[in-house]
Amino acid sequence: MCGRLRSSDAGKKAVIMGWVNKRRDHGSLLFIDLRDRSGVTQVVVNADRNAAIHEKAETLRNEYVIAAIGSVKLRDANTVNPNMPTGEVELVADDIRILNESKLPPFLPSDTALTNEETRLKYRYIDLRRDAMQFNIETRHNVAKAIRDYLSSQGFFEIETPFMTRSTPEGARDYLVPSRVQPGTFYALPQSPQMFKQILMISGFDRYFQIVRCFRDEDLRADRQPEFTQIDLEMSYPQAERVWEVVEGFLKAAFHAAGVEIEPSFPRMDYDEAIRLYGIDKPDLRLPAFTDVRDCFTAENLQELAINGNLPVIAIRTPKVGELSRKERDDIKPMFHSKGGARVYEDFKRIGNKYPDAAAAIAKKTGVEEGDLIVLVAGSAQAGPQTAMPAHRKVTPAELAIYASAGLLRLALAQKYADRHGIFKKTGDAAKDFRFLWVTNFPMFEWDEGEKQWMAAHHPFTSPHEQDMGLLEQGVESVNDPQSTLSAVRALAYDVVLNGTELGSGSIRIHRQDIQAKIFKALGMTDEEARKRFGFFLEALEYGTPPHGGIALGLDRIVMILTGAESLREVIPFPKTARAVDLMVDAPTPVDERQLRDLGISIRKPS
RNA sequence: GGGGACGUAGUUCAGUUGGUUAGAACGCUGCCCUGUCACGGCAGAGGCCGCGGGUUCGAGUCCCGUCGUCCCCGCCA
């Protein structure tokens with residue numbers, strides 16, 4: 001209630017409770033800013049009016065919890081504070097009750113400079129009192145509620161699935177939960193409810209959703225936590241487009257709940273095109289696309305520069321960076337992570353001096369403007385042997401190496417010079433600030449050079465394209481061959497991308513047991529192995545499985561983008577550090593020998 | 001597994017070429033102050049310079065190791 005008082009409440013009696021945000025002591029007149037989740041109101045205590053209350057108010061300290069009882073008064077015109085929503089009124093205290101005292105916290109919620117994250121995480125309950133965190137958590141609630149309401153209105157049932165389930169060796173590492181009743185065996189926490197939601201389709205709940213925690217034991221990033229929340233959904237008999245409509249619908253509702261009006265439908269792009277234009281399968285459309293400028297050079301130019309002219313020569317344009325100093329140019333090279341022999345030419349001026357014709361052609365083709373930075377990425381003329389070069393794929397591995405290296409550099413440059421080009425700054429125009437994209441037609445399989453076998457690019461339950469069934473048939477006959485036609489099989493898989501962040505990923509699933517068997521075979525699994533791992537699921541597929549498909553979106557990431565947060569930790573109340581530690585509760589910890597004995601577990605000491 | 005940044009008062013930071021007693025702001029404590037809202041004034045307390053070792057007459061500063069936080073690559077069906 002602290003933040004709700006307005007001039008219309010003037011004259012009313014009020015009781016407000018909250019934390020002492022700030023005390024300003026003027027001797028016999030003192031002011032208390034009282035804070036709760038709704039905001040801050042100024043409480044006035046005057047010794048002339050009530051000496052006993054004033055004396056008590058003088059003992060108040062930051063973060064004490066108090067009740068202030070009094071009447072709401074319009075402030076005199078010269079004491080109105082236009083910077084706060086409650087600034088036209090104040091509460092004149094008739095009584096102050098100290099509900100609880102507080103030790104001096106290591107930092108104050110009202111501090112302007114942000115304390116280091118280690119301290120914030122250890123004292124998370126203090127950190128969460130901050131305005132910004134209260135706003136993030138409130139936004140999260142509003143977004144989740146809007147999605148629940150929207151999907152419910154579209155006939156989806158929210159159905160829970162188990163957290164203690166079966167370990168599947170594919171994909172991310174599992175978090176394991178030992179069984180006491182059956183020592184030596186383990187449950188796994190779900191990486192996603194994938195198989196359960198498909199089984200729900202087989203069970204006749206033709207529209208399912210769940211806002212559900214998922215667990216993956218992999219290394220963390222700013223946008224990756226070991227436990228995270230997905231908006232998971234699945235529907236029967238859909239075309240991919242129908243799934244997209246549903247997603248666009250709930251995202252519109254979710255963004256509306258956060259005060260942002262977006263207008264579906266979102267643009268669509270083939271995976272191959274995303275790679276060619278942006279070097280990544282989650283393009284940030286706010287930044288310029290690549291330009292392939294290999295035709296701007298003569299054959300002699302390319303030879304002198306030791307560039308392979310049969311591979312793309314990528315011009316990365318970063319707008320409005322301005323003239324770079326020698327040192328700034330030198331700093332570009334370390335930002336470049338070369339994959340498969342790709343090389344960077346960061347000094348475009350030098351190329352301009354040596355090859356003025358080429359530079360002019362490049363400038364024209366990229367549409368460069370005054371102050372834009374151009375950096376070239378190309379393949380080495382002495383490129384090593386192409387070990388895996390499926391002829392069927394539109395983008396070959398050698399090309400991919402160049403596109404991918406350039407894609408990472410494009411983002412790194414845009415990040416580094418964000419202050420100069422200002423592209424990431426919010427304009428207030430949702431169509432510019434939030435660039436959504438569907439990326440479609442992912443490859444079904446990717447060749448794993450280490451394991452010497454094909455892996456599912458999405459997951460093994462994804463349906464191949466109807467037109468590519470022939471390639472699948474042909475490909476399963478040579479599953480150990482990186483040149484196999486499996487490379488050309490497209491999946492009915494799709495990602496929804498926002499500003500370069502993958503929000504979610506889904507697919508139309510396989511509903512026929514014979515095709516599922518072929519996929520497992522392509523992945524190098526024998527019938528026996530497939531039965532062992534997924535037997536229950538394969539069996540279910542044989543009892544009248546409807547065609548079905550779905551998607552899962554990261555709730556944390558959606559809220560992160562909506563709130564402008566720099567990391568997921570800002571939108572998760574109790575997150576973990578980069579080493580997957582909870583600094584507040586201090587987890588994980590060793591456990592008692594007795595607990596281990598019950599579970600039949602002994603710890604192998606790391607050597 | 002690899003690369004990088006950081007670690008100094010409760011907090012945010014400064015600390016020169018290695019040189020006497022390690023500073024500032026905010027916060028905190030006490031006193032003063034009747035219209036402040038980043039209130040103001042006076043006085044004061046507060047330091048294992050992350051930890052361990054080394055070089056040196058002398059280390060916050062240089063070297064090695066280690067711990068912690070953050071970012072990136074790998075990894076994340």
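A, B, ... follow the sequence lines: proteins, then strands. Residue 1 opens every chain.
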Q.
If only side-chain N and O atoms count, and only distance matters, is there a donor-acceptor pair under 3.5 Å linking A/Gln210 with A/Thr161?
A. yes
Q.
Between A/Asp219 and A/Val44, which residue's closest nucleotide on RNA chain B lies nearer the 5′ terminus?
A. A/Val44
Q) Over how many whole Å does the gap from A/Arg24 atom CZ to B/A38 atom P extend? A) 7 Å
Q. Do we see a donor-acceptor contact under 3.5 Å between the side chains of A/Asp36 and A/Ser38?
A. yes
Q | Closest nucleotide among B/G27, B/C76, B/G68 to the A/Glu118 side chain | A | B/G68
Q | Gap between atoms CG and P, on A/Asp174 and B/C75 respectively (whole Å) | A | 18 Å
Q.
Need one value for A/Phe107: base, sugar-phosphate or nothing, where a base atom within 4.0 Å counts as base even if backbone is also close, heavy atoms only.
A. nothing
Q) Considering only side-chain heavy atoms of A/Val581, which listed nucleotide, B/U69, B/G74, B/U36, is closest? A) B/U69
Q) Counting any heavy atom closer than 4.0 Å, what does A/Leu220 reach on the DNA or RNA strands: base, sugar-phosphate only, or nothing? A) nothing
Q) Taking atom C1' of B/C73 as reference, at what distance in whole Å does atom CE of A/Met335 sit? A) 14 Å
Q: Could you work out which one of B/U69, B/U36, B/C28 sits closest to the side chain of A/Gln42?
A: B/U36
Q. With respect to the phosphate group of B/U29, does any side-chain polar atom (N or O) of A/Arg61 fall under 4.0 Å of OP1 or OP2?
A. yes
Q) Would the number of heavy atoms belonging to other residues, nucleotides or ligands and lying under 6.0 Å from CZ of A/Arg6 be above 12? A) yes
Q: Quick one: label A/Thr112 by what it contacts on the DNA or RNA (base, sugar-phosphate, nothing), any heavy atom closer than 4.0 Å.
A: nothing
**Q.** Of the listed nucleotides B/C37, B/U11, B/U69, the one nearest the side chain of A/Arg579
**A.** B/U69
Q: Provide, to the nearest angstrom, the distance between the CG atom belonging to A/Asp25 and the P atom belonging to B/G40.
A: 13 Å
Q: Could you tell me whether A/Glu117 contacts a base, only the sugar-phosphate backbone, or nothing, with contacts defined as non-hydrogen atoms closer than 4.0 Å?
A: sugar-phosphate
(Q) Using a 4.0 Å heavy-atom cut-off, does A/Asp111 contact any base of the nucleic acid, only the sugar-phosphate backbone, or nothing at all? (A) nothing
Q. Is A/His337 stacked on the base of B/C73, with ring centres under 5.5 Å apart and planes under 30° apart?
A. no
(Q) Considering every strand and a 4.0 Å limit on heavy-atom distances, what is the contact class for A/Arg221: base, sugar-phosphate, or nothing? (A) base
(Q) Let me spell it out: for each of A/Asn78 and A/Glu218, pick the nucleotide of RNA chain B with the closest heavy atom. Which residue's pick is nearer the 5' end? (A) A/Asn78
(Q) For A/Gln42 and A/Arg24, which I'm curious about, is there any donor-acceptor pair between the side chains at under 3.5 Å? (A) yes
Q: Using a heavy-atom cut-off of under 4.0 Å over every strand shown, decide if A/Glu566 touches base, sugar-phosphate, or nothing.
A: nothing
Q: Tell me the partner of B/A25, counting only Watson-Crick (N1-N3 plus N6-O4 or O6-N4) or G-U wobble (N1-O2 and O6-N3) with both under 3.5 Å; none if nothing fits.
A: B/U11
Q: Find the distance A/Arg224:CZ to B/C73:C1' and express it as a whole number of Å.
A: 11 Å
Q. What does A/Gln191 touch in the nucleic acid at a heavy-atom separation under 4.0 angstrom: a base, only the sugar-phosphate, or nothing?
A. nothing
Q: Considering just the side-chain nitrogens and oxygens of A/Arg569, establish if one lies under 4.0 Å of OP1 or OP2 belonging to B/C71.
A: yes
Q) Parallel, tilted or perpendicular: which fits the ring planes of A/Phe520 and A/Phe534, with parallel below 30° and perpendicular above 60°? A) parallel
Q. P atom, B/U16 versus B/C62: distance in rounded Å?
A. 9 Å
(Q) At less than 4.0 Å, is any side-chain N or O atom of A/Thr577 found next to OP1 or OP2 of B/U69? Yes or no. (A) yes
Q: With heavy atoms under 4.0 Å as the rule, sort A/Arg49 into base, sugar-phosphate or nothing.
A: nothing
Q) Cut-off 3.5 Å, side chains only: do A/Tyr208 and A/Asp232 have a donor facing an acceptor? A) yes
(Q) What's the closest nucleotide to the side chain of A/Arg75 if the choices are B/G10, B/G35, B/C72? (A) B/G35
Q: Could you work out which one of B/C72, B/G35, B/G10 sits closest to the side chain of A/Glu90?
A: B/G35
Q: Would you mind pulling out the nucleotide paired to B/G40, Watson-Crick or G-U wobble, both distances under 3.5 Å?
A: B/C32
Q. What nucleotide among B/G35, B/U11, B/C75 has an atom nearest to a side-chain atom of A/Lys73?
A. B/G35
Q. Has A/Asn116 got a side-chain N or O lying under 4.0 Å from the OP1 or OP2 atom of B/U12?
A. yes
Q: Verify the neighbour count for atom CD of A/Glu55: are there more than 12 heavy atoms of other residues, nucleotides or ligands below 6.0 Å?
A: no
Q) To the nearest Å, how far apart are A/Phe336 CZ and B/C73 P? A) 14 Å
Q) A/Leu114 has an atom CG; how far is it from atom P of B/U12, in whole Å? A) 9 Å
Q.
Can you measure A/Asp223 atom CG to B/C75 atom P for me and round it to whole angstrom units?
A. 16 Å
Q: Just call it for A/Asn62: base, sugar-phosphate, or nothing, with non-hydrogen atoms closer than 4.0 Å on any strand.
A: sugar-phosphate
Q.
Within the 3.5 Å criterion, strictly below it, is a donor on A/Asp556 or A/Gln225 matched to an acceptor on the partner's side chain?
A. no
Q | Closest to the A/Thr115 side chain, choosing from B/C72, B/U11, B/C73 | A | B/U11
Q: Determine the contact category for A/Lys339: base if any of its heavy atoms lies under 4.0 Å from a base atom, sugar-phosphate if only primed atoms, P, OP1 or OP2 are that close, otherwise nothing.
A: sugar-phosphate
(Q) Give me the distance, rounded to whole Å, that separates B/C28 from B/G10 when you measure between the P atoms they each carry. (A) 15 Å
(Q) Applying side chain to side chain donor-acceptor pair (under 3.5 Å) to A/Asn441 and A/His465, what does each step give before you reach the verdict? (A) CA-CA 8 Å; A/Asn441 291 322; A/His465 246 280; 2.6 Å; yes
Q | Quiz item: A/Arg23 side-chain donor-acceptor pair to B/C39 base, under 3.5 Å | A | no
Q) With respect to the phosphate group of B/G27, does any side-chain polar atom (N or O) of A/Lys22 fall under 4.0 Å of OP1 or OP2? A) yes
Q) Under 4.0 angstrom, heavy atoms only, what part of the nucleic acid is A/Ala47 near: base, sugar-phosphate, or nothing? A) nothing
